[in-house]
Amino acid sequence: MPHSTSPPLSERDAEFCINAATRTLERWAIAVTRGEKETLLSLYAEDAILVPTVADDVRENRQQRQAYFDGFLANEALACELGEYSPRVSRKLGTVVIGGHYTFEYRAADETVTIPARFLFTFEEILGEWKITGHHSSRLAG
């Protein structure tokens, strides 16, 4: 990640950052759908903050994130479908923010449960990998 006194990223570099962060977001959605908890957890930075969709507590470390995903991924036939989203890159810091919508579906008592939600992820390159540094998700109103 560039130092705060580094010159702003070039347009090519900004596009690279957005593409790399978007790939991490897509990997996240695939890992949720496949129930791949370890893959999912590995996408988060060690000190990432998670404000999850279906829980009230803020998760500030791997153990807390794992406890959340233990329960969430246990939902039968869980799937995550990304909807519309918009990225923004801080050319000064090299941080990417992606906000948008996704839908979770799972089976419960022989019925399909659908949770439309909005999200805001932040990503940074850490030791050559684009990691989630912040993740806020909440059900859509209505």
Side-chain angles (χ1 to χ4, degrees), residues 1-4 6 8-142:
M1 184 169 84
H3 187 274
S4 61
S6 299
L9 297 172
S10 70
E11 286 302 316
R12 185 186 72 78
D13 288 339
E15 183 178 343
F16 171 83
C17 293
I18 288 172
N19 288 339
T22 299
R23 283 191 300 274
T24 300
L25 173 62
E26 290 167 349
R27 288 175 56 211
W28 183 92
I30 291 167
V32 168
T33 299
R34 292 180 178 169
E36 297 173 346
K37 183 176 56 177
E38 287 306 316
T39 298
L40 189 61
L41 292 169
S42 75
L43 297 174
Y44 287 86
E46 196 60 38
D47 61 347
I49 297 170
L50 169 63
V51 182
T53 313
V54 293
D56 294 331
D57 298 337
V58 175
R59 312 300 169 113
E60 299 176 15
N61 60 51
R62 182 182 172 96
Q63 182 180 2
Q64 292 171 347
R65 288 187 297 274
Q66 180 173 336
Y68 172 72
F69 287 119
D70 282 344
F72 188 61
L73 294 178
N75 287 301
E76 181 183 343
L78 177 65
C80 176
E81 183 176 332
L82 293 172
E84 299 274 330
Y85 56 84
S86 299
R88 181 194 180 280
V89 65
S90 166
R91 287 170 177 80
K92 185 173 184 180
L93 300 176
T95 299
V96 176
V97 177
I98 301 178
H101 296 100
Y102 45 28
T103 302
F104 298 107
E105 285 190 358
Y106 61 90
R107 300 284 300 159
D110 295 325
E111 294 184 13
T112 299
V113 176
T114 302
I115 302 173
R118 59 185 163 224
F119 65 80
L120 188 66
F121 283 88
T122 59
F123 303 86
E124 293 177 25
E125 185 177 28
I126 300 171
L127 301 174
E129 293 184 57
W130 282 84
K131 299 283 190 175
I132 299 164
T133 55
H135 175 192
H136 176 268
S137 180
S138 57
R139 294 175 190 241
L140 290 176

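Every value quoted in this text rests on a predicted model; they were computed, and no experiment measured them.
- Closest approach of Leu120 to Gly99, counting heavy atoms only: CD1-CA, 3.8 Å.
- Applying the side-chain hydrogen bond (donor to acceptor under 3.5 Å, both in side chains) test to every pair with at least one member in residues 56-66, sequence neighbours left out, gives these pairs: Glu38-Arg62.
- Counting heavy atoms from C-beta outward, Cys17 and Trp130 have side chains that approach closer than 4.5 Å.
- For the atom pair CD1 of Ile18 and CZ of Phe123, the computed distance is 11.5 Å after rounding to the nearest 0.5 Å.
- Listed by chain and number, the residues in a side chain to side chain contact (heavy atoms under 4.5 Å, CB included) with Glu36 are Ala31, Arg34, Thr39 (sequence neighbours excluded).
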Show which side-chain atoms of residues 135-142 pair as donor or acceptor with protein atoms under 3.5 Å away, not counting sequence neighbours.
{"residue": "His135", "atom": "ND1", "partner": "Tyr44", "partner atom": "OH", "Å": "2.8"}
{"residue": "His135", "atom": "NE2", "partner": "Tyr102", "partner atom": "OH", "Å": "3.0"}
{"residue": "Ser137", "atom": "OG", "partner": "Thr53", "partner atom": "OG1", "Å": "2.4"}
{"residue": "Ser137", "atom": "OG", "partner": "Tyr102", "partner atom": "OH", "Å": "2.7"}
{"residue": "Ser137", "atom": "OG", "partner": "Arg118", "partner atom": "O", "Å": "3.4"}
{"residue": "Ser138", "atom": "OG", "partner": "Arg118", "partner atom": "NE", "Å": "2.9"}

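- Contacts of Leu127 classified as side chain to side chain contact (heavy atoms under 4.5 Å, CB included), with partners at least two apart in sequence or in another chain: none.
- Scored by the side-chain hydrogen bond (donor to acceptor under 3.5 Å, both in side chains) test, Lys131 finds no partners at all (sequence neighbours excluded).
- Aromatic ring centres of Phe104 and Tyr106: separated by at least 6.0 Å.
- Within 6.0 Å of the CG atom in Leu41, the count of heavy atoms belonging to other residues, nucleotides or ligands exceeds 12.
- Remark: Thr133 pairs with Thr122 by the side-chain hydrogen bond (donor to acceptor under 3.5 Å, both in side chains) rule, at least two apart or across chains.
- The nearest pair of heavy atoms linking Val89 to Val96 is CG2-CG2, 3.8 Å.
- In this view, Asp110 and Arg107 satisfy the side chain to side chain contact (heavy atoms under 4.5 Å, CB included) rule, not counting sequence neighbours.
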>> For a side-chain contact (heavy atoms from CB on, under 4.5 Å) check, start with the C-alpha distance between Phe121 and Leu43, then their side-chain angles and the critical distance, and finish with the verdict.
In response: CA-CA 12 Å; Phe121 283 88; Leu43 297 174; over 6 Å; no
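- Leu40 is listed as a side-chain neighbour of Trp28, based on a closest heavy-atom distance under 4.5 Å.
- Taking CG of Leu25 as the reference point, atom CD1 of Ile132 lies at 7.5 Å (rounded to 0.5 Å).
- Remark: Asn19 pairs with Glu15, Arg23 by the side chain to side chain contact (heavy atoms under 4.5 Å, CB included) rule, at least two apart or across chains.
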Result block: side-chain N/O donor-acceptor pairs under 3.5 angstrom for residues 73-81, not counting sequence neighbours:
{"residue": "Asn75", "atom": "ND2", "partner": "Phe72", "partner atom": "O", "Å": "2.9"}

